[in-house]
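Source: prediction; values computed, not measured.
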Number of protein chains: 2
Amino acid sequence: MAKVSDQEILIGLMSVFRSKGYDGASLNELAEATGLKKASLYHRFPGGKKEMTDAVLDFMENWVNEKIFKVMSNAEVAPQIRLKDALYNIGEVYGNGTEVCLYRSLSMDTGMSLFGAKIERGINQWLEAFTVLGKEMGLDKEKAFKVAQQNFVEVQGSLVLSKAMDNTAPFAEALKNIENRYQT
Amino acid sequence: MAKVSDQEILIGLMSVFRSKGYDGASLNELAEATGLKKASLYHRFPGGKKEMTDAVLDFMENWVNEKIFKVMSNAEVAPQIRLKDALYNIGEVYGNGTEVCLYRSLSMDTGMSLFGAKIERGINQWLEAFTVLGKEMGLDKEKAFKVAQQNFVEVQGSLVLSKAMDNTAPFAEALKNIENRYQT
DNA sequence: TTTTATTTACCGAACGTTCGGTTATTTTAA
DNA sequence: TTAAAATAACCGAACGTTCGGTAAATAAAA
């Protein structure tokens with residue numbers, strides 16, 4: 001029996017990578033955040049820090065798939081409601097503007113050269129979810145993709161601003177803008 | 001006589017801090033980027049890495065003041081032209097979408113606790129420049145500030161997207177959006 | 001000659017990683 | 001069903017390397 005579950009470990013690791021980035025995340029810190037000792041972390045992740053980050057990125061990709069893509073594609077729910085649900089989830093994962101995006105934290109040089117492909121995949125899934133919704137709401141393919149990109153841009157940009165200004169208002173407004181963007 | 005000028009040093013330091021962040025920027029790398037040896041850097045910056053970063057942030061703040069604020073406030077030039085000039089400068093400093101924002105790179109936990117105040121000051125000056133222009137073009141104070149914020153959000157967000165997707169189009173579009181935003 | 005600038009050589013501390021070994025748990029054999 | 005063997009999980013201590021930073025020595029300017 002594991003002392004700490006895989007999911008608990010991933011959540012701990014993610015929190016450190018998000019706030020410190022790849023270079024800034026030390027093994028001591030990562031171990032402390034998971035509740036395991038350094039050497040035990042290496043038992044779970046023989047590939048070391050790199051493997052831990054890969055696992056966190058997979059975890060995040062899965063989250064995007066479950067909490068954004070599937071929600072947005074669920075044909076049993078009215079589009080307006082799907083959007084609201086997905087935006088709620090987005091608000092939650094970013095602590096309503098107080099938390100940073102994992103993809104952004106890992107987008108420095110070191111992270112990009114190690115995980116660039118995975119980051120790109122995750123963002124594309126994010127964009128695809130909004131594109132699907134846009135098309136369902138009557139936009140043509142290109143327009144739907146453009147709107148999806150704009151949504152991503154505003155979420156990321158507002159997170160930068162909210163963080164730097166220590167004020168969650170820009171992020172809240174970005175979410176509101178996105179919702180308005182799909183008003184009929 | 002200095003082997004390397006202050007400005008050359010600052011440019012070298014900034015390039016490393018931008019691409020690597022604070023934690024990821026090692027003194028060996030910083031030294032190499034300036035053309036000086038590590039110990040010589042310490043002669044110029046007795047306060048070490050922290051002082052180097054402070055100097056780079058001051059350098060950046062000065063850049064924002066010269067290349068954005070003053071340009072935007074120059075009453076001798078038509079507002080449309082001022083905007084165009086400032087946007088051109090913004091495009092240049094970000095390599096038209098290929099380069100990262102210093103404030104973003106230093107916005108991880110370590111950087112925020114050390115330089116949060118300075119980062120906030122720099123961003124506020126950025127916002128103030130656009131607010132001035134907006135007011136001159138007939139917007140009321142609050143609206144002008146809101147538009148300035150939106151501009152910042154789109155620049156930052158599009159930089160994240162352009163970097164991750166290795167595609168400068170989102171950044172170019174963000175600049176275009178900003179210009180359109182002040183169309184009469 | 002004195003001051004300033006630069007460099008070589010070096011330091012303790014922290015880094016990511018590995019090792020040797022202990023304790024649980026699971027699997028196999030009797 | 002129990003005992004032995006194998007495996008999985010964990011941890012303290014240490015590895016070699018790189019970190020940020022310093023002292024002493026050399027080179028250049030004033």
Side-chain angles (χ1 to χ4, degrees), chain A residues 1-57 59 102 105-106 108-115 118, chain B residues 1-57 59 102 105-106 108-115 118:
Chain A
M1 226 328 229
K3 181 182 171 189
V4 182
S5 75
D6 285 0
Q7 175 151 324
E8 283 174 313
I9 289 183
L10 288 172
I11 289 173
L13 294 179
M14 176 151 72
S15 127
V16 176
F17 282 122
R18 275 170 72 159
S19 61
K20 298 296 184 70
Y22 187 75
D23 291 316
S26 79
L27 265 290
N28 282 322
E29 214 172 351
L30 291 166
E32 198 173 356
T34 58
L36 287 178
K37 297 294 174 180
K38 234 196 299 185
S40 307
L41 258 186
Y42 268 86
H43 175 70
R44 302 284 195 102
F45 302 94
K49 199 170 159 182
K50 164 109 166 50
E51 186 180 339
M52 298 176 205
T53 313
D54 272 315
V56 166
L57 280 168
F59 183 68
L102 177 69
S105 300
L106 295 176
M108 296 282 86
D109 258 23
T110 316
M112 279 303 287
S113 65
L114 290 175
F115 315 109
K118 235 167 205 170
Chain B
M1 228 323 233
K3 178 183 172 188
V4 182
S5 76
D6 285 0
Q7 176 152 322
E8 282 173 313
I9 289 182
L10 288 172
I11 289 172
L13 295 178
M14 175 151 72
S15 127
V16 176
F17 282 123
R18 274 169 73 157
S19 60
K20 298 297 183 70
Y22 187 77
D23 291 317
S26 77
L27 286 193
N28 284 321
E29 214 171 351
L30 291 165
E32 198 173 355
T34 58
L36 287 178
K37 300 292 176 182
K38 224 198 315 182
S40 307
L41 257 186
Y42 267 87
H43 175 68
R44 303 284 196 102
F45 302 95
K49 199 169 157 181
K50 164 109 165 51
E51 186 180 339
M52 298 176 206
T53 313
D54 272 315
V56 167
L57 279 167
F59 183 66
L102 178 69
S105 300
L106 296 176
M108 297 281 85
D109 258 22
T110 315
M112 280 302 288
S113 66
L114 289 174
F115 314 108
K118 236 168 204 170

Rounded to whole angstrom units, what separation is found between the [atom1] atom of [X] and the [atom2] atom of [N]?
{"X": "A/Arg44", "N": "D/dA9", "atom1": "CZ", "atom2": "P", "result": "6 Å"}
{"X": "B/Leu27", "N": "C/dA9", "atom1": "CG", "atom2": "P", "result": "19 Å"}
{"X": "B/Leu36", "N": "D/dG21", "atom1": "CG", "atom2": "P", "result": "17 Å"}
{"X": "B/Tyr42", "N": "D/dA24", "atom1": "OH", "atom2": "C1'", "result": "18 Å"}
{"X": "A/Lys38", "N": "D/dG12", "atom1": "NZ", "atom2": "P", "result": "12 Å"}
{"X": "B/Ile9", "N": "C/dT6", "atom1": "CD1", "atom2": "C1'", "result": "11 Å"}
{"X": "A/Tyr22", "N": "C/dC15", "atom1": "OH", "atom2": "C1'", "result": "12 Å"}
{"X": "B/Leu30", "N": "D/dC19", "atom1": "CG", "atom2": "C1'", "result": "12 Å"}

Margin query: Using five pairs at each end of the helix from C/dT1-D/dA30 to C/dA30-D/dT1 to define an axis, what is the angle between those two axes, to 10°?
Written below: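 About 10° separates the two local helix axes.
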Checklist line | Nearest-nucleotide comparison on DNA chain C, the residue closer to the 5′ end among A/Asp23 and A/Ala39 | finding: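 Between the two, 5'-proximity favours A/Asp23.
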Counting any heavy atom closer than 4.0 Å, what does [X] reach on the DNA or RNA strands: base, sugar-phosphate only, or nothing?
{"X": "B/Ser40", "result": "base"}
{"X": "A/Lys3", "result": "sugar-phosphate"}
{"X": "B/Ala31", "result": "nothing"}

Short side-chain N/O contact to [N] OP1/OP2 from [X], under 4.0 Å:
{"X": "B/Asn28", "N": "D/dC19", "answer": "yes"}
{"X": "A/Lys49", "N": "C/dG16", "answer": "yes"}
{"X": "B/His43", "N": "C/dA5", "answer": "yes"}

Working to the nearest 0.5 angstrom, can you tell me the gap between [X] [atom1] and [Y] [atom2]?
{"X": "A/Leu10", "Y": "A/Arg44", "atom1": "CG", "atom2": "CZ", "result": "9.5 Å"}
{"X": "B/His43", "Y": "B/Leu41", "atom1": "NE2", "atom2": "CG", "result": "11.0 Å"}
{"X": "B/Thr34", "Y": "B/Ile11", "atom1": "OG1", "atom2": "CD1", "result": "12.0 Å"}
{"X": "B/Met14", "Y": "B/Leu30", "atom1": "CE", "atom2": "CG", "result": "13.0 Å"}
{"X": "A/Thr53", "Y": "A/Leu102", "atom1": "OG1", "atom2": "CG", "result": "8.5 Å"}
{"X": "B/Glu32", "Y": "B/Lys38", "atom1": "CD", "atom2": "NZ", "result": "12.5 Å"}

Next item on the list: Report yes if the side chains of A/Met52 and A/Ile9 come closer than 4.5 Å at any heavy-atom pair, otherwise no.
Entry: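 The answer is no, as the side chains (C-beta and beyond) never meet within the 4.5 Å cut-off.
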